[in-house]
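Everything numeric here is computed off the predicted structure, so don't read it as measured data.
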Amino acid sequence: MKKHKIYEADDRMISIIQDNYGILQCLGSFGINLGFGNKTVRELCEDQGVDTFTFLAVVNFTINGYLGPDDVGRLSIPTLMQYLRASHEYYLGFELPFIRKELCEAIDETDNMAKLIVRLYDEYAHSILLHMKYEEKTVFPYVESLLDGKTMDNYDIETFSKHHGQTDQKLRELKNIIIKYLPTDGLRNNQLSATLYDIYNCELWLAQHAEVEDHIFIPAIRNLEKKIHQDGITVKLSNMISRNMDNDALSEREKEVIVSLVQGMTNKEIADHLCISVNTVITHRKNIARKLQIHSPAGLTVYAIAKGLIDISSVNV
């Protein structure tokens, strides 16, 4: 892989294309149209509603294999989804049918070997169709549910990752068979060579597409899953704390006992202050400890402040 500079948001898009024309197809997948003049990457992405950081992450990865150690957490998953969906549309709606048309025009369709090659190509195209449709029907909806803060008990991105193998083996086989075994004449040779060139580019693009999914998309979704999981734990802890603090709401008398305790009164002083017996004070203290699961004076002080029973300025720290 030829090494280039790491491109940045203030670089002009035309300069990146001049360095590596292979990203032209990448532009289309991001929904960026030609005719953008001398705009920088940042200007163009903002005009087209594309996350600049995510665009540059994909470009720098596909050109140089570069992905920063902290980049995954900064990626825009909606932008990645847009990129992958548009890539599928390009591949299934244009690239595969175009190569098949080229192949049929470059061979003698009355020749049995040629018929077998077309069949092999169709098998390859079907396997790609199944692979991409699986992503669109299963993986992408799953990711959209994650973006809505929802998880699935029976699916995660690791399930997709384990079954996300290379799908270009049949294409490589087809290419080798054409080169080694398909007889041709001078008239068709140029056509067949041009078709082979497109097949080679198709093979390269497919491998690149798989690497973007493996090294950018899947890690980004893992990171999202982890964040949602952590957020879920935080919510559960918060709810648990809230339940512990508010479970079986305290009576007004129990709140008065807490305030008295926080002010440093003894059981007898509380009893005299509230005109109740010492045994009743002890019973209230047991109920408070059971309801709040707080047993220390410091803990009760924090609770009283948090609930507005006393003002923090009145507490001797």
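- A donor-acceptor pair under 3.5 Å is formed between the side chain of Q82 and the backbone N or O of F30.
- V41 places none of its side-chain heavy atoms less than 4.5 Å from the side chain of E8.
- Here the CD1-CD1 distance, from I258 to I270, works out to 10.5 Å after rounding to the nearest 0.5 Å.
- In this structure, a donor-acceptor pair under 3.5 Å is present between the side chains of T159 and D156.
- F61 has its side chain out of reach of D71: every pair of non-hydrogen atoms, C-beta onward, lies at least 4.5 Å apart.
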Inset, instruction - Check the pair E89 / R85 against salt bridge (Lys or Arg N to Asp or Glu O under 4.0 Å), numbers first and verdict last. - result: CA-CA 6 Å; E89 183 178 343; R85 279 195 168 109; over 6 Å; no
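- Members clustered with I282: V278, by chain and number, using a 4.5 Å side-chain heavy-atom cutoff among hydrophobic residues.
- Nearest heavy-atom pair, L96 versus Y121, reported as atom, atom and distance to 0.1 Å: O-OH, 2.6 Å.
- In this structure, E95 contributes its side chain and L92 its backbone to no donor-acceptor pair below 3.5 Å.
- To the nearest 0.5 Å, atom CD of residue Q25 and atom CH2 of residue W205 are 6.0 Å apart.
- Scored by the salt bridge (Lys or Arg N to Asp or Glu O under 4.0 Å) test, E43 finds no partners at all (sequence neighbours excluded).
- Using a 4.5 Å cut-off on side-chain heavy atoms (C-beta onward), N223 and K227 make no contact.
- Enclosure of atom NE2 in H215 by more than 12 non-hydrogen atoms of other residues, nucleotides or ligands within 6.0 angstrom is indicated.
- Checked by atom type and distance alone, the side chain of T138 never pairs as donor or acceptor with a backbone atom of E135 at under 3.5 Å.
- Across S251 and K291, no two heavy atoms sit closer than the pair N-NZ, 4.4 Å.
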Inset, instruction - Would you check, one step at a time, whether the test side-chain hydrogen bond (donor to acceptor under 3.5 Å, both in side chains) holds for E102 with Y197? - result: CA-CA 11 Å; E102 274 191 309; Y197 183 81; over 6 Å; no
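- Put simply, the side chain of D122 reaches to within 4.5 Å of the side chain of R100, judged on heavy atoms.
- The shortest distance between side-chain heavy atoms of N287 and L250 does not fall below 4.5 Å.
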Legend entry - Pair V58-L80, side chain to side chain contact (heavy atoms under 4.5 Å, CB included): steps then yes or no: CA-CA 9 Å; V58 172; L80 281 178; 4.1 Å; yes
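- A single hydrophobic cluster is not seen to contain both L204 and Y83; linkage of ILVMFWY side chains at heavy-atom distances under 4.5 Å, directly or through other members, places them apart.
- Residues L274 and E256 share a closest heavy-atom pair of CD2-OE1, 3.8 Å.
- A continuous path of ILVMFWY side-chain contacts below 4.5 Å connects L129 to I199, so both sit in one hydrophobic cluster.
- Counting heavy atoms from C-beta on, the side chains of L300 and I288 come closer than 4.5 Å.
- In terms of modelled atom types and a separation under 3.5 Å, the side chain of N20 and the main chain of G22 share a donor-acceptor contact.
- When every heavy atom of G37 is checked against every heavy atom of I14, the shortest pair comes out as O-CB, 4.5 Å.
- E144 contributes atom CD, which lies 11.5 Å from atom CD1 of I77 (distance to the nearest 0.5 angstrom).
- Proximity of Y303 to L292: side-chain heavy atoms (C-beta onward) are separated by under 4.5 Å at one or more points.
- N60 places a side-chain N or O within donor-acceptor distance of the main-chain N or O of L56, the cut-off being under 3.5 Å.
- In this structure, CG in D214 is found 10.0 Å from NE2 in H209, a value given to the nearest 0.5 Å.
- Follow the hydrophobic side-chain contacts under 4.5 Å out from L130 and you never reach Y142; the two are in separate clusters.
- The 12-atom threshold is exceeded at OH of Y134, counting heavy atoms of other residues, nucleotides or ligands nearer than 6.0 Å.
- Atom CG in L44 sits 11.5 Å away from atom CG in N38 (nearest 0.5 Å).
- Ionic pairing of D11 and K5 is present here: one or more N-O contacts between side-chain nitrogen and carboxylate oxygen are shorter than 4.0 angstrom.
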Inset, instruction - Evaluate side chain to side chain contact (heavy atoms under 4.5 Å, CB included) for L24 paired with L34, printing each intermediate quantity in order. - result: CA-CA 9 Å; L24 282 170; L34 301 178; 4.1 Å; yes
Inset, instruction - Walk me through it: do I276 and R253 pass the test side chain to side chain contact (heavy atoms under 4.5 Å, CB included)? - result: CA-CA 10 Å; I276 57 178; R253 181 64 81 188; 4.3 Å; yes
Inset, instruction - Show your working on ring pair (Phe, Tyr, Trp, His ring centres under 6.0 Å) between H131 and Y91 and close with a plain yes or no. - result: CA-CA 12 Å; H131 173 78; Y91 205 80; over 10 Å; no
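- Taken together through direct or relayed side-chain contacts under 4.5 Å among Ile, Leu, Val, Met, Phe, Trp and Tyr, L174 and L116 form parts of separate hydrophobic clusters.
- Under the 3.5 Å distance criterion, the side-chain polar atoms of T54 are matched with a main-chain donor or acceptor of S76.
- At most 12 non-hydrogen atoms from other residues, nucleotides or ligands lie less than 6.0 angstrom from CZ of R74.
- A parallel orientation is assigned to the rings of F94 and F98, their planes being inclined by less than 30° (bins at 30° and 60°).
- The two residues R222 and S161 make their nearest non-hydrogen contact at NH2-OG, 3.5 Å.
- Under the 3.5 Å distance criterion, the side-chain polar atoms of Y155 are left unmatched by any main-chain donor or acceptor of V139.
- Across all non-hydrogen atoms, the minimal contact from T195 to I99 is CG2-O, 4.3 Å.
- Atom CG of D272 and atom OG of S260 lie 11.0 Å apart (nearest 0.5 Å).
- Classification of E46 and R42 as a salt-bridged pair fails, no side-chain N sitting under 4.0 Å from a carboxylate O.
- In this structure the side chain of F55 never reaches within 4.5 angstrom of the side chain of T79, judged on heavy atoms.
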Inset, instruction - Any chance you could lay out the side chain to side chain contact (heavy atoms under 4.5 Å, CB included) test for D47 and F36, step after step, and finish with the verdict? - result: CA-CA 10 Å; D47 286 348; F36 43 73; over 6 Å; no
